[in-house]
Amino acid sequence: MDLPPQISVLQTAWQWWRYAARYEGTLAATRRLVSVLWEFARDSTPDRLRARFGDAEYDWDYRVNTTSGAVGWRDRLLGMFHSAYQPTEPVAFHEMIEGLQQSLHQTRGPDHTTLALRDFTFIDLGSGKGRTLLMASEYPFRRILGVELLPSLHQIAQENLHQYKSESQKCFVLESICADATAFPLPADPLVIFLFNPFPESGMRQVVAKLDQSLREHPRPVYMLYHNPLLEHTLSESKKLRKIAGEQQYSLFTNH
Ligand SMILES: C[S@@+](CC[C@H](N)C(=O)[O-])C[C@H]1O[C@@H](n2cnc3c(N)ncnc32)[C@H](O)[C@@H]1O
């Protein structure tokens, strides 16, 4: 299997610093870089490393590797500059899909029939080791796609997709793609887009602009499930999306 080349830590840190320096000045950017490295060092103590295995119960149940505990130092450091890998908790995920299904039941499609999950492609932008892809496969989506920046996380996701076994699995068309999700061309299908804070504000704006453009070119129903919506205001800037539901832990947007 051909793997995409590893991403350089030094180059990533340099690009991160240059971007920060452009907006905040060199001194503030350097201070922030030092605090990122300090946070990384604090996050590498044995106690913190052990605590990250707290999310591993899912892996025991399904014999996969989606825990943030088993992420190497390189990917953890890269995560400090992009977004740290953290898998979505199963209870939260199923609640979000439940909320989505309730909204779909209240909506008519273009042919006036009720929309259902089988009409949609599920896509996780920033899919990490692919836990959401596995959890989404318990629902009858048309197909399931994950886009992950870091090659080693993407490789583990591929292994997980291969290894996953569940008697209640309903979707078997699953794929993990290694790419920058902010530049990824969105499929022209009806979409459920899942986001768990994969990007900084600039990345979120890029994705929103690309989605608006894609909806102009290919009008279709799109739902966006935003888990832990820290940058929700960036979605509110969309010309096409509006918020239709939300709890403390997620927001649901649609153009439909
Ligand atoms: C908080 S984790 C969420 C993982 C997964 N979506 C889940 O909910 O279980 C965010 C992920 O986004 C990835 N990421 C960060 N920037 C990215 C980009 N530009 N393109 C694709 N993935 C990115 C990180 O490597 C990380 O795996």
Side-chain angles (χ1 to χ4, degrees), residues 4 6-9 11-13 15-16 19 36 40 43 52 54-59 61-62 64-97 100 122-138 144-161 164 174-186 191-211 224-231 234 249-251:
Q6 289 285 1
I7 293 173
S8 154
V9 173
Q11 206 178 336
T12 302
Q15 279 167 354
W16 180 95
Y19 185 82
V36 164
F40 174 72
D43 211 38
R52 277 203 291 279
D55 61 14
E57 203 173 314
Y58 180 86
D59 294 7
D61 290 345
Y62 292 98
V64 288
N65 163 15
T66 64
T67 172
S68 61
V71 173
W73 72 267
R74 239 180 136 274
D75 289 328
R76 282 198 299 109
L77 185 50
L78 285 168
M80 305 295 289
F81 297 111
H82 293 288
S83 130
Y85 173 66
Q86 188 190 345
T88 291
E89 282 301 322
V91 173
F93 186 81
H94 296 302
E95 268 175 34
M96 288 185 266
I97 299 289
L100 168 69
F122 176 95
I123 178 165
D124 181 2
L125 300 181
S127 46
K129 294 181 173 185
R131 184 189 285 187
T132 59
L133 312 182
L134 304 178
M135 294 190 294
S137 77
E138 295 291 316
I144 293 169
L145 209 61
V147 185
E148 170 54 43
L149 183 69
L150 299 185
S152 40
L153 298 187
H154 155 73
Q155 189 190 5
I156 294 170
Q158 284 188 312
E159 287 161 13
N160 285 332
L161 298 189
Y164 184 71
L174 285 86
E175 193 181 356
S176 170
I177 293 169
C178 192
D180 179 351
T182 59
F184 185 75
L186 292 166
L191 297 176
V192 172
I193 302 174
F194 186 85
L195 292 171
F196 180 14
N197 289 315
F199 319 119
E201 205 158 318
S202 57
M204 286 294 287
R205 291 214 160 88
Q206 270 171 271
V207 167
V208 169
K210 272 185 90 70
L211 176 59
M224 198 173 246
L225 265 179
Y226 185 7
H227 178 26
N228 190 17
L230 296 176
L231 300 173
T234 57
Q249 63 165 354
Y250 80 94
S251 300

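First listed ligand is number 1; within each ligand, the first listed atom is number 1.
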For ligand 1, which of its N or O atoms have a protein N or O partner closer than 3.5 Å, and how long is each gap?
| residue | atom | partner | partner atom | Å |
| --- | --- | --- | --- | --- |
| ligand 1 | 6 (N) | Asp124 | OD1 | 3.2 |
| ligand 1 | 6 (N) | Asp124 | OD2 | 2.7 |
| ligand 1 | 6 (N) | Gly126 | O | 2.7 |
| ligand 1 | 8 (O) | Thr88 | OG1 | 2.6 |
| ligand 1 | 9 (O) | Thr88 | N | 3.0 |
| ligand 1 | 16 (N) | Pro198 | O | 3.2 |
| ligand 1 | 19 (N) | Asp180 | OD1 | 2.9 |
| ligand 1 | 20 (N) | Ala181 | N | 2.8 |
| ligand 1 | 22 (N) | Leu149 | N | 3.1 |
| ligand 1 | 25 (O) | Glu148 | OE2 | 2.7 |
| ligand 1 | 27 (O) | Glu148 | OE1 | 2.8 |

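- Of the possible polar contacts, one joining the Arg131 side chain to the Thr88 backbone as a donor-acceptor pair under 3.5 Å is found.
- Put simply, the side chain of Tyr250 never gets that close to the backbone of Phe93: no donor and acceptor are under 3.5 Å apart.
- The structure places CG of Leu191 at 6.0 Å from CG of Leu186, a figure rounded to the nearest 0.5 Å.
- Counting all heavy atoms, side chain and backbone alike, Asn197 lies closest to His227 at ND2-O, 3.7 Å.
- Donor-acceptor pairing under 3.5 Å is recorded for the side chains of Lys129 and Asn65.
- Summarising the geometry of Leu231 relative to Met204, their closest heavy-atom pair is CD1-CG, 3.8 Å, with the distance given to 0.1 Å.
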